[in-house]
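Take a look at the structure set out below.
Throughout, a chain's letter reflects where its sequence line sits, starting with A, and its residues are numbered from 1.
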Amino acid sequence: MSEQLDDKAVEDVTIDPQAQADPLFAPQPVAGKTRDWKSFPAEEKFQQPLGYPGPKPDDWKERALAKMDELRGKFRSFRVFLDICVKCGACTDKCHYYMGTGDARNMPVGRQDLLRSVYRRYFTLPGKWFPSLVGARELTEEVLDEWYTYYFQCSECRRCSVYCPYGIDTAEITMAAREILDSVGVGMKYTNEIIGKVFGIGNNLGLPKPALQSTLEDLEEEIEEDTGVKVRLPLDEPADVLLVTPSADFFAEPHIDGLIGYAKVFHATGEKWTLSSYASEAANFAMFIGSYENMRRIALRIRKAAIDLGVKRIIIGECGHAWRAAYSFLNTLAGPFDFLDPNYPVPQHICEYTWDAIQKGKLRFNKEENDWIKLTYHDSCNVARASRMGDYPGGQFDIPRNIIKAVCNNYYEMPEDTIKEATLCCGGGGGLLTDDLIPLRKAGGSPRMKALKQVREEHGVNKMAAICAICKSQFTKVMPDHGFAIDDIMSVHQLVSNAIILPGSEQEAERDGADDEREKETSA
Amino acid sequence: MLSTIYAVLFYVATLVLVGGVGYRIWEYARTPAPLKIPTTPAPTTWGGVVWRLFKEVVFFESLWKANKWIWVFGIVFHMSLWLIFLRHVRYFQEPVFTLVALAQPIGKYAGLTFMLGGLGLLARRIVVARVRFISAPSDYLMLLLFLAIGFSGLMMSFVSHTDIVAVKAFFLGLMRFDIQPLPADAPLLVHLTLVALFMLIFPFSKLLHAPGVFFSPTRNQRDNPRDKRHVAAWALRMEKAEGGQDTAMNKS
Ligand code: SF4
Ligand code: SF4
Ligand code: SF4
């Protein structure tokens with residue numbers, strides 16, 4: 001806490017060749033480099049639907065401390081993590097925002113200390129008696145402001161928690177800090193406005209039912225044009241499977257191609273499935289702001305949709321944090337799901353579903369359709385470090401890769417220390433995917449971009465796939481800076497969609513015709 | 001007089017250490033972890049969790065992944081500490097366990113490796129800018145305290161020997177509430193004072209990482225949220241107050 005803020009260093013971003021190439025390069029620390037990178041605060045009207053006060057009340061300090069006290073009673077992670085950090089420094093070079101900015105407050109422990117210092121001052125003996133000895137400090141307006149800045153420069157990606165000898169997860173501290181900030185009226189506009197939209201309309205993008213309906217109809221037409229097959233994308237229909245997917249899948253490229261992929265897979269397996277307009281959002285931004293109550297309100301929408309539509313299974317579309325919120329938290333927040341078919345885990349990931357269908361031989365592919373692609377795969381943090389797929393630890397790494405390899409001939413891994421549990425965040429997760437934070441997003445995305453460029457140089461990789469709506473959106477913004485096109489980020493189910501041969505489709509006719517030809521040739 | 005002062009010091013230090021750490025453990029144990037947050041890939045069984053924690057506390061698995069320098073210094077420091085601890089058990093038993101007897105010759109040199117590890121950690125704290133930035137005065141002092149304990153101990157092992165038979169009699173006496181004379185040698189008194197200080201600050205400092213690591217939800221949880229519903233008592237109360245999930249669901 002003692003280091004002085006150093007203004008002149010903000011200018012000196014000397015980029016040496018090593019820094020340009022090494023994805024994990026960590027610069028020298030300077031405090032305060034990015035202190036001006038702030039997102040827009042939430043006005044009262046965005047705070048209120050979430051149950052938070054409007055502008056900062058006069059007694060904000062007492063309220064903040066009371067909230068901190070409450071959280072340390074409710075969340076063991078918060079209490080234990082604040083107590084046991086030994087300042088060993090193992091995490092200091094592990095955060096992509098630190099690698100990208102060099103701001104010492106973006107070192108995971110540097111970020112934690114912004115709050116730990118206050119916790120020590122008010123809740124520990126040494127902090128009360130010898131504040132300067134243990135780096136404890138008063139809660140002031142400036143401190144609150146610093147919290148707002150740096151706790152919204154963390155994507156809650158948990159990379160730091162992999163390397164900390166005690167598993168200290170800065171994401172937990174960030175979530176708690178945001179909850180404290182919200183409780184004193186200092187919210188973030190981007191996240192809180194979006195959560196309000198889910199409560200009001202049902203999804204992050206604020207797409208009402210008629211808009212969803214017409215999008216889905218357009219997609220049905222598009223698929224029919226491409227394949228000659230009538231593939232349905234049902235909305236609010238009684239079905240066996242409820243698909244809950246991030247609303248970006250209804251809206252933008254490359255997300256929407258992923259949605260087409262899910263629909264084709266369900267069609268090929270003959271699944272009776274539906275989307276819900278009420279639970280038309282898999283994302284749960286309340287996770288980002290550490291609000292158990294709001295997270296639960298969003299999760300309960302999925303429960304209600306499942307009951308109302310009478311489904312037997314819940315499947316979640318491609319989204320990183322949404323999969324965490326679903327896989328790790330849905331049962332806790334909105335369970336028990338004893339009314340669903342006990343033969344399937346609740347919830348399932350669309351990749352689990354597709355991989356299962358592939359293994360059972362239910363899907364046919366023409367991998368050559370993807371032959372123009374040299375692909376790599378970005379492990380989304382929340383899938384990699386905060387959830388699982390399949391029935392063994394690490395299935396979350398294998399299943400998407402298995403699908404990719406089933407539909408794609410040219411696949412290359414990025415460097416080992418930047419994938420799987422060591423994956424580098426896209427730079428836009430954790431509620432930071434807002435235009436207010438573009439410089440931060442670009443800096444935070446740079447380590448991943450360096451890793452990507454390595455495989456481009458070594459293998460000529462031209463596309464990257466991901467299974468996270470936020471990652472995909474973030475990469476469309478960041479990749480163009482690095483010599484990629486906006487559509488060089490793809491959905492995994494987009495690759496599936498390219499290669500799948502639907503029964504009765506033009507592709508099937510073509511393929512089988514071709515096979516017949518070949519057979520004739522060989523038998524002749 | 002001297003013996004009485006040190007006797008009281010050690011009684012108080014022991015009370016604070018045991019009571020304080022016990023209280024912390026109780027606090028950690030009763031604070032719920034309302035959500036499943038193991039850092040994945042994570043074990044799905046209790047056996048797996050035990051193995052994960054074992055690798056963490058014995059081999060410093062995560063630290064190994066993170067930084068080989070901190071790992072080397074850290075492991076040398078902590079393993080030496082265990083050996084030294086084992087060696088010191090002889091002051092509290094008669095006759096001593098075989099294991100403790102065996103640890104005597106190695107334990108002596110563990111004092112040296114302990115200093116090496118500690119100095120390495122201190123050097124990193126000073127030399128590496130990132131670690132310097134996150135260090136408070138207490139972080140340096142804590143290492144210096146350890147180094148001073150080690151140094152005063154080594155002095156007695158290698159330079160000016162103390163009457164260890166009398167020291168042993170003193171500690172065995174303490175355990176029977178029968179105060180025996182303590183030799184008035186400077187290195188010994190410094191050593192014992194610093195050890196008592198260490199015991200006194202343990203429950204209020206980052207030394208809590210020792211019991212704390214076992215309570216870290218990212219390391220001690222099973223990865224099984226889909227198989228078994230995991231809910232904290234306070235969350236269940238909240239559900240009940242709303243009339244159950246389905247009532248709450250229709251309200252939201
Ligand atoms: S790795 Fe863990 S213990 Fe070490 S400084 Fe970082 S948060 Fe603290
Ligand atoms: S959770 Fe991710 S973004 Fe946040 S401090 Fe840790 S590494 Fe950085
Ligand atoms: S958006 Fe993707 S990469 Fe970024 S934090 Fe979320 S899961 Fe991680």
Side-chain angles (χ1 to χ4, degrees), chain A residues 1 3 28-29 31 73-77 79-80 83-94 104 107 109-110 113 124-126 132-135 158 161-167 169 172 292 297 300-301 303-304 327-329 331-332 334-336 345-346 385-388 393-394 396 421, chain B residues 24 27-28 31-37 39-44 56 60 62-63 65-67 70 74 121 124-125 128-131 133-139 141 201 204-206 208-209 212-213 215-219 223 225-227 229-232 234-235 238 245-246 248-250 252:
Chain A
M1 294 295 109
E3 211 105 338
Q28 287 296 307
K74 279 179 156 179
F75 291 84
R76 193 196 310 138
S77 51
R79 178 191 287 268
V80 171
D83 270 357
I84 69 174
C85 169
V86 298
K87 311 294 172 79
C88 68
C91 63
T92 51
D93 55 353
K94 301 296 183 264
M107 299 191 293
V109 52
D113 277 350
T124 71
L125 269 191
S132 52
L133 189 69
V134 295
R158 315 188 89 201
S161 85
V162 171
Y163 297 100
C164 172
Y166 317 111
D169 180 6
E172 291 290 309
Y292 189 98
R297 278 175 73 189
L300 284 170
R301 298 178 76 91
R303 179 186 180 89
K304 183 167 161 60
Y327 171 86
S328 296
F329 305 154
N331 198 6
T332 297
V346 182
R385 291 187 283 258
S387 62
R388 175 163 54 104
Q396 69 268 39
E421 72 167 1
Chain B
R24 289 283 180 251
E27 266 185 344
Y28 295 160
T31 310
L35 292 165
K36 280 279 188 177
I37 58 165
T39 308
T40 59
T44 54
E56 205 62 90
F60 299 180
S62 300
L63 193 56
K65 291 180 197 165
N67 188 308
I70 311 182
L121 291 174
R124 271 194 66 82
R125 211 172 267 301
V128 180
R130 297 191 310 273
V131 192
F133 179 85
I134 58 166
S135 301
S138 57
D139 297 310
L141 289 176
I201 59 179
F204 306 100
S205 68
K206 63 177 186 176
L208 286 170
H209 69 278
V213 59
F215 292 93
S216 173
T218 59
R219 293 292 182 268
D223 172 24
R226 294 192 289 191
D227 312 331
R229 185 160 187 240
H230 171 94
V231 211
W234 63 258
M238 190 169 83
Q245 294 290 53
D246 293 331
M249 149 193 122
N250 286 316
S252 66

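Using a 4.5 Å cut-off between heavy atoms, B:L208 contacts chain A through both its backbone and its side chain. Both the backbone and the side chain of A:A104 come within contact range of chain B, judged by heavy atoms closer than 4.5 Å. Contacts of A:T124 with chain B are absent, with no heavy-atom separation under 4.5 Å from either backbone or side chain. Heavy-atom distances place no part of B:I201 under 4.5 Å from chain A, backbone and side chain included. Within the 4.5 angstrom heavy-atom criterion, atoms from both the backbone and the side chain of A:K74 approach chain B. Heavy-atom distances place the backbone of B:A42, and not its side chain, under 4.5 Å from chain A. Heavy-atom distances place the side chain of B:E56, and not its backbone, under 4.5 Å from chain A. Using a 4.5 Å cut-off between heavy atoms, A:L133 touches chain B through backbone and side chain atoms alike. Both the backbone and the side chain of A:P336 come within less than 4.5 Å of a heavy atom of chain B. Heavy atoms of A:V346 lying under 4.5 Å from chain B belong exclusively to its backbone. Contact annotation for B:D223: both backbone and side-chain heavy atoms come within less than 4.5 Å of a heavy atom of chain A. With a 4.5 Å cut-off on non-hydrogen atoms, B:R130 touches chain A through its backbone and its side chain both.
In terms of heavy-atom pairs under 4.5 angstrom with chain A, the leader among B:K206, B:M238, B:R229, B:H230 is B:R229. Taking chain A as the reference chain and counting heavy-atom pairs below 4.5 Å, the highest number among B:D139, B:N67, B:V128 is found for B:D139. Among A:C85, A:S77, A:G89, A:G167, the residue making the largest number of heavy-atom pairs under 4.5 Å with chain B is A:G167. Looking only at heavy-atom pairs under 4.5 Å with chain B, the residue among A:S132, A:P393, A:C91, A:A334 that has the most is A:P393. When each of A:C88, A:G335, A:A90 is scored by its heavy-atom pairs under 4.5 Å with chain B, the top score falls to A:G335. Note on B:L121, B:L141, B:V213: by heavy-atom pairs under 4.5 Å with chain A, the leading option is B:V213.
The two atoms that bring A:V134 and B:S138 nearest to each other are CA-OG, 3.6 Å, heavy atoms only. Counting all heavy atoms, side chain and backbone alike, B:R125 lies closest to A:V86 at NH2-O, 3.3 Å. In terms of heavy-atom proximity, A:S328 sits nearest to B:K36 at CB-O, 3.8 Å.
The closest side-chain heavy-atom distance from B:T40 to A:R158 is not below 4.5 Å. Side chains of A:L300 and B:Q245 form a contact here, defined as non-hydrogen atoms less than 4.5 Å apart.
The line from CZ of B:F215 to CD of B:E27 is 11.0 Å long, rounded to the nearest 0.5 Å. Distance NE2/B:H209 to SG/A:C164: 10.5 Å, rounded to 0.5 Å.
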Side chain to side chain contact (heavy atoms under 4.5 Å, CB included) assessment of B:I37 paired with A:D169: CA-CA 9 Å; B:I37 58 165; A:D169 180 6; 5.5 Å; no
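Between B:T218 and A:S161, the side chains place no donor N or O within less than 3.5 Å of an acceptor N or O (distance only, hydrogens not considered). A donor-acceptor contact under 3.5 angstrom links the side chains of A:Y327 and A:R388, judged on distance only.
Shown here are the ring pair (Phe, Tyr, Trp, His ring centres under 6.0 Å) partners of B:F204, two or more places apart in sequence or in another chain: there are none.
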